[in-house]
2 protein chains.
Amino acid sequence: MVTLEDVARQAGVSLATASRVLNGSTRQVGASLRAKVELAAAQLGYRTNVAAQTLARGAGNVIGLVVHDLTDPYFAALADGAMRVADSKGLVVMVGTTRRDPEREISYVSALNAQRVRAVLLAGSRIADPHVTRRLREELDRYRETGGRVACVGQDLLGADTVVPGNREGAAALARALTGLGHRRFAVLAGPAGLITARDRATGFAGVLAGLGLPAPQIVHGSFDRDGGYAAAAEVSGATCVFAVNDVMAVGALAAFRDRGIRVPHDISVAGFDDIVTLRDLVPALSTVRLPLADMGARALELALDAAEEIRAESVAGEVVLRESTRGPA
Amino acid sequence: MVTLEDVARQAGVSLATASRVLNGSTRQVGASLRAKVELAAAQLGYRTNVAAQTLARGAGNVIGLVVHDLTDPYFAALADGAMRVADSKGLVVMVGTTRRDPEREISYVSALNAQRVRAVLLAGSRIADPHVTRRLREELDRYRETGGRVACVGQDLLGADTVVPGNREGAAALARALTGLGHRRFAVLAGPAGLITARDRATGFAGVLAGLGLPAPQIVHGSFDRDGGYAAAAEVSGATCVFAVNDVMAVGALAAFRDRGIRVPHDISVAGFDDIVTLRDLVPALSTVRLPLADMGARALELALDAAEEIRAESVAGEVVLRESTRGPA
DNA sequence: GGCAGACTTGAAAACGCTTTCCTGGAGGTC
DNA sequence: GACCTCCAGGAAAGCGTTTTCAAGTCTGCC
């Protein structure tokens with residue numbers, strides 16, 4: 001293992017000089033010494049020991065990212081955006097997946113704290129459980145007390161900078177578009193009752209219907225994934241249009257209707273939320289609310305990185321995209 | 001920032017004892033002191049400084065994972081598998097995305113080396129460029145010289161433990177299944193000419209046709225993603241069946257045919273490779289070769305972790321899955 | 001009762017880097 | 001030519017752990 005000291009010795013300079021040459025310092029080093037050091041480093045195949053560097057500097061160059069499930073394209077897109085800005089800044093990303101277990105989320109934050117990461121990004125919806133939220137928040141506070149930076153994508157309830165998707169508004173806009181098509185009787189595949197994102201989308205949607213004096217939609221809860229959508233779709237009855245609170249659930253619903261011989265959009269319309277890129281080639285193409293996921297991930301990291309006094313919540317609007325999976329009622 | 005020393009002082013014990021209590025040592029510590037230390041740590045909110053620990057121990061607990069593109073479900077699945085075993089072993093994963101740029105791959109390995117990660121996992125196909133491969137290999141060798149462990153998913157040409165998907169065999173089996181359906185004239189959407197995975201799948205497929213005395217398939221190169229499949233599909237002519245060397249390309253091809261009014265599988269059959277979970281609900285459902293992606297990622301990490309003398313190449317077989325996107329020729 | 005042996009505890013030396021502080025020499029000004 | 005400033009370079013003190021080694025305490029056994 002080649003150390004900086006080996007390099008310094010071989011170059012015939014002091015440790016300090018070698019350090020200044022190799023690991024970005026503001027201080028100048030004379031051209032000849034600089035060359036010697038660089039040569040020695042190359043010959044020896046020196047690699048900075050980041051652990052030592054982190055210890056000495058008191059700050060590392062890794063940022064932590066916590067998502068629920070990397071195989072969910074929603075989180076993959078978010079992560080991708082964050083990673084892009086990370087490495088434009090010479091930072092490296094450590095990823096943890098909670099598999100939707102809040103305990104794991106807390107323990108990841110603790111682990112990232114131990115790593116002294118520069119920032120932690122929490123992506124994904126909170127559970128509406130005050131107890132868990134409080135414990136997570138405590139862990140985050142502990143991290144922040146020692147200079148850590150935090151940002152979230154989702155709800156603004158952790159006292160950190162947050163990129164807030166316009167869930168309620170997006171769902172509302174979608175509801176208006178769908179009623180505009182002539183629908184009156186809706187079902188909402190609402191996901192888990194405790195998941196805030198799911199709840200916001202469902203209530204945003206229902207709110208518009210109520211405002212228009214239309215009958216309340218049939219609400220069907222279930223899991224937030226494809227299978228949840230599939231199962232929930234089976235319970236829909238009497239609706240001409242179904243709103244699944246995210247695209248992967250909508251995919252499940254599509255499959256369920258297909259399996260039961262119900263044609264979309266001929267017999268029933270289906271809409272989702274997120275506009276997952278991988279799912280754009282679905283047939284019928286899914287009507288949905290587009291969220292700029294990669295940008296959101298990127299933005300979250302930027303927020304975390306540029307320290308500010310006040311806590312910022314930046315909302316990003318969703319854009320309704322009507323495609324073939326919806327049309328007017330028969 | 002609470003240090004171990006603070007904890008030791010508060011507990012009235014030595015640094016050594018505090019260390020032994022808090023950070024898993026084989027050494028025993030008396031029950032009363034142990035309790036004191038734990039109490040003090042809890043009161044003070046102590047968090048191990050992993051950087052210091054890594055420095056002192058000379059080995060950290062992070063493993064590095066390099067993939068081409070996290071938004072590609074193929075890599076997401078691989079990553080997910082690796083992360084599962086990682087955190088069953090108390091390890092944490094650092095992810096880098098190369099965006100298919102070999103230079104970035106090399107620099108990631110270098111960065112991971114600097115981090116002194118326990119192991120690095122390289123997922124995804126190599127480019128058949130001897131120069132780049134050599135440089136990557138040099139970087140890996142440097143890492144291994146100092147005790148680093150490496151494993152790959154893909155081709156066994158880096159001198160490391162490798163999980164080798166049965167690309168050639170899987171494609172061959174698929175070809176047999178498809179000819180069994182009655183097809184004689186094929187097109188292969190072959191991806192980039194230099195990408196080994198793509199090439200193996202294409203040649204495995206073509207080999208069977210040749211062996212059967214059938215005409216050579218039309219080979220169309222293009223990028224390895226959805227758009228590559230879309231573009232390549234436009235050039236197909238005269239085939240009754242199209243083999244896209246991966247599922248996302250097949251999705252592109254499906255879209256292209258749809259846009260041009262060509263019905264799948266009525267007018268033409270389409271098959272892919274990988275059996276991406278997110279794509280299972282496609283219509284028509286895609287015939288493909290299933291690869292246990294998550295298991296492969298998990299297995300790669302296991303290989304990297306359990307040190308062995310010899311270099312192991314473990315192959316995993318693909319399983320042909322015929323669905324609706326293929327049928328006999330009209 | 002004394003002693004070998006087994007354990008527990010603490011002191012202190014790494015681990016590899018950064019950075020502060022100091023020294024000495026070069027260049028500028030009057 | 002004397003004085004001051006400015007700057008490149010080096011010595012050494014950390015950064016927060018782990019771990020070796022020596023010292024001390026018990027236990028049990030003859």
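By convention in this document, chain letters (A, B, ...) are assigned in the order of the sequence lines, proteins followed by strands, and residues within each chain are numbered from 1. All values below come from the heavy atoms of this structure, side chains included, with hydrogens, waters and symmetry mates left out.
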Using the test side chain to side chain donor-acceptor pair (under 3.5 Å), find all partners of A:Gln53 that sit at least two apart in sequence or belong to another chain. none
Describe the nucleic acid contact of A:Gly30 in one word from base, sugar-phosphate, nothing, applying a heavy-atom distance below 4.0 Å. sugar-phosphate
Assign A:Val29 to base, sugar-phosphate, or nothing according to its heavy-atom contacts below 4.0 angstrom with the strands shown. sugar-phosphate
Just list the side-chain donor-acceptor pairs under 3.5 Å for residues 91-99 of chain B, sequence neighbours left out, or say none.
from	atom 1	to	atom 2	distance (Å)
B:Thr98	OG1	B:His68	ND1	2.7
B:Thr98	OG1	B:Arg100	N	2.9
B:Arg99	NH2	A:Asp87	OD1	3.3

Side-chain donor-acceptor pairs under 3.5 Å in residues 71-79 of chain B, sequence neighbours left out?
from	atom 1	to	atom 2	distance (Å)
B:Thr71	OG1	B:Asp69	OD1	2.7
B:Thr71	OG1	B:Asp69	OD2	3.2
B:Asp72	OD1	B:Tyr74	N	2.9

From CZ of A:Arg9 over to P of C:dC17, roughly how many Å is that when rounded to an integer? 12 Å
Send over the distance from B:Gln115 CD to C:dG16 C1', rounded to a whole Å. 14 Å
Nucleotide by nucleotide, 5' to 3', does protein get under 4.0 Å of the base (B), only the sugar-phosphate (S), or neither (-) in nucleotides 16-24 of chain D, counting heavy atoms? BBBBBB---
Keeping to residues at least two apart or across chains, list the salt bridge (Lys or Arg N to Asp or Glu O under 4.0 Å) pairs with something in residues 143-162 of chain B. B:Asp141-B:Arg144, B:Arg149-B:Asp161, B:Asp161-B:Arg312
Heavy-atom count around A:Glu309 CD within 6.0 Å, excluding the residue itself: above 12? no
Could you list all the ring-ring contact (aromatic ring centres under 6.0 Å, His included) pairs where at least one residue sits in residues 20-67 of chain B, not counting sequence neighbours? none
